[in-house]
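Just below is one structure, and these are the notes that go with it.
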Amino acid sequence: MKIEKISLYHIRMPLVAPFETSFGSIDTRDCIIVEINSEGLTGWGEVVADRDPGYAWETCGTAWHILPDFIIPDILEKDIEDAHHFQRCVAHIRGHQMAKAGVEMALWDLQGQAQGSPLGQLLGGIKERVEVGVSVGLQKSPEALLEIVENYLSKGYRRVKLKIKPGRDVSEVSAVRSQFPDLRLQVDANSAYSLKTAAVLLPLDDFDLLLIEQPLAEDDLWDHSRLQKQFQTPLCLDESITAPRHARQALEMGACRIVNIKPGRVGGISQGMAIHDICQDQNVPVWCGGMLETGVGRAANLALASLPNFRLPGDISATERYYQEDITNESFTLNTDSTIDVPNKPGLGVTINKKALARFTLEHITFPN
Ligand code: OSB
Ligand code: MG
């Protein structure tokens, strides 16, 4: 694929409701959209970094530096075979997984279009629709939390993830569990605890949770392995796994029993697939996390989640759970069985609403310039 032109759009989209986690609350979401023109085709990708370094150290600002100054010069006007070739071209750039992943996504889109294959098929996916759930942010009160969970259940979601943080954990989960005894329920702390303070979470073992996601710091595989020994419930790592070798090390160490895969966090879909395979070989289930993506990133997540070892519902909700208006013409809807269809058109299988993209754009650059 001859990389003729690359455009970047820093966009900001209003969320339908504020989303609060242990690292802060947002009511708009920033990301960078990547457009690559090659041999008459246009591929799209999404850099899922947020405005603030709350979830990860990468931000739209760091990506706006690393893409033009390092990643784009590595590939512009070159012939890039595929995602693996791209990864070799940028291997000398340490870190910046989300920036790399956004470009890799656009290359997958191009490759799928060139071959007439939907991305799911190209990756070896085996499902036409994937099981999904909803990630529920911190709420003002337990009553408000019960109300919002009830609302999502009425829309058809059959798996709920609750965000927790110190002081807003066991009693919230207990309230939801009492009200919904059969709900598939899990929690996500986004690194808000230490090995010591996580002792308050031990009662969570009695609530039949699917998993406890990322209680400790991102660079703390070792303490996660100590904490996992104290729980029957599987720990699941999100932030800690930024490369396939971390997945291997985490499993060797017993730091988790389930892995959350987000293509952005791990440097691209190709890296996500490598993690999928490592876990599959050890019979460890994976599931697809989310970063409040636009329709572009959501299409990619659905394709990835169609691989066989994605055995738990993904954080991939319907478009209306996030945005009133998206930048794709296609919107994603929830089926009555709590699944979402994997796109079946070539590449990502989505098209861009250029007017919406322009309206959400804060900054735009094109290369060569
Ligand atoms: O930790 O999984 C997370 C959103 C932004 C950053 C981190 C996380 C999340 C979510 C939302 O939980 C998942 C979604 O996109 O629905
Ligand atoms: Mg998480």
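Just follow the structure's listing: the first ligand is 1, and inside any ligand the first atom is 1. Note that these values count all heavy atoms, side chains included, but never hydrogens, waters or copies made by symmetry.
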(request) State, to 0.1 Å, how close Arg29 and Met291 come at their nearest heavy-atom pair, and which atoms those are. (result) NE-O, 2.8 Å

(request) Look at ligand 1 and say whether Lys262 reaches it with a heavy atom at a distance under 4.0 Å. (result) yes

(request) Please say whether Ser317 places an N or O atom under 3.5 Å from an N or O atom belonging to ligand 1. (result) no

(request) Anything protein N, O or S sitting under 2.8 Å from the Mg ion (ligand 2): count it and give me the total. (result) 3

(message) For atom 6 (C) of ligand 1, what is the closest protein heavy atom, and at what distance to 0.1 Å?
(response) Met291 SD, 3.5 Å

(request) Tell me which part of Thr21 gets within contact of ligand 1: side chain, backbone, both or neither, using heavy atoms under 4.0 Å. (result) neither

(message) Tell me the closest heavy-atom pair linking Asn301 and Cys288, and the distance in Å.
(response) CB-SG, 3.7 Å

(message) Please check this pair: side chain of Gln186 against backbone of Lys161, looking for a donor-acceptor N/O pair closer than 3.5 Å.
(response) no

(request) Measure the shortest side-chain to side-chain distance between Asp238 and Arg265 over non-hydrogen atoms and say whether it is less than 4.5 angstrom. (result) yes

(message) Please list, in number order, the atoms of ligand 1 under 4.0 Å from a heavy atom of Ser135.
(response) 10 (C), 11 (C), 12 (O), 13 (C)

(request) For the pair Ser225 (side chain) and Ala255 (backbone), establish whether a donor and an acceptor sit closer than 3.5 Å, ignoring hydrogens and angles. (result) no

(request) Among all protein heavy atoms, pick the one closest to atom 1 (O) of ligand 1 and tell me residue, atom and distance. (result) Asn190 ND2, 2.7 Å

(message) With a heavy-atom distance limit of 4.0 Å, tell me whether Gln214 approaches ligand 1 through its side chain, its backbone, both, or neither.
(response) neither

(message) With a 3.5 Å distance limit and no angle check, can you tell me whether Ser38 reaches the backbone of Lys2 through a side-chain donor-acceptor pair?
(response) yes

(request) Determine, stepwise, if the pair Thr294 / Asp326 fulfils side-chain hydrogen bond (donor to acceptor under 3.5 Å, both in side chains). (result) CA-CA 6 Å; Thr294 72; Asp326 205 339; 4.5 Å; no

(request) Classify the contact between Asp238 and ligand 1 as side chain, backbone, both or neither, using a heavy-atom distance cut-off of under 4.0 Å. (result) side chain

(request) Run down the list Gly290, Ala189, Cys288 and name the one with the heavy atom closest to atom 9 (C) of ligand 1. (result) Gly290

(message) Between ligand 1 and Lys161, can you find any atom pair, the residue atom being a heavy atom, that is separated by under 4.0 Å?
(response) yes

(message) For the backbone of Ala83 and the side chain of Arg88, can you confirm whether one donor and one acceptor N or O come within less than 3.5 Å of each other?
(response) no

(request) Report the nearest protein non-hydrogen atom to atom 14 (C) of ligand 1: residue, atom name, distance rounded to 0.1 Å. (result) Tyr322 OH, 3.4 Å

(request) Would you check whether Phe19 has a nitrogen or oxygen atom less than 3.5 angstrom from a nitrogen or oxygen atom of ligand 1? (result) no

(request) Verify, without hydrogens or angle tests, whether Thr366 (side chain) and Ser7 (backbone) share a donor-acceptor contact under 3.5 angstrom. (result) no

(message) If only side-chain N and O atoms count, and only distance matters, is there a donor-acceptor pair under 3.5 Å linking Asn151 with Glu147?
(response) no

(request) For atom 15 (O) of ligand 1, grab the closest protein heavy atom and report residue, atom and distance to one decimal in Å. (result) Leu292 N, 2.8 Å

(message) Main chain of Ala63, side chain of His96: is a donor-acceptor contact present, judged purely on distance under 3.5 Å?
(response) no

(message) If the threshold is 4.0 Å, N to carboxylate O, is there a salt bridge linking Asp188 and Lys163?
(response) yes

(message) Given 3.5 Å as the limit, does a donor-acceptor pair link the side chain of Gln271 with the main chain of Met273, or not?
(response) no

(request) Have a look at ligand 1 and work out which part of Asp50, if any, has a heavy atom under 4.0 Å from it: side chain, backbone, both or neither. (result) neither

(request) Number the atoms of ligand 1 from 1 as they appear, then name those within less than 4.0 Å of a heavy atom of Glu213, with their elements. (result) 2 (O)

(message) When you measure from the heavy atoms of Arg321 to every atom of ligand 1, does any distance fall below 4.0 Å?
(response) no

(request) Salt-bridge test for Glu131 and Arg184: reply yes if a basic N is under 4.0 Å from a carboxylate O, no otherwise. (result) yes

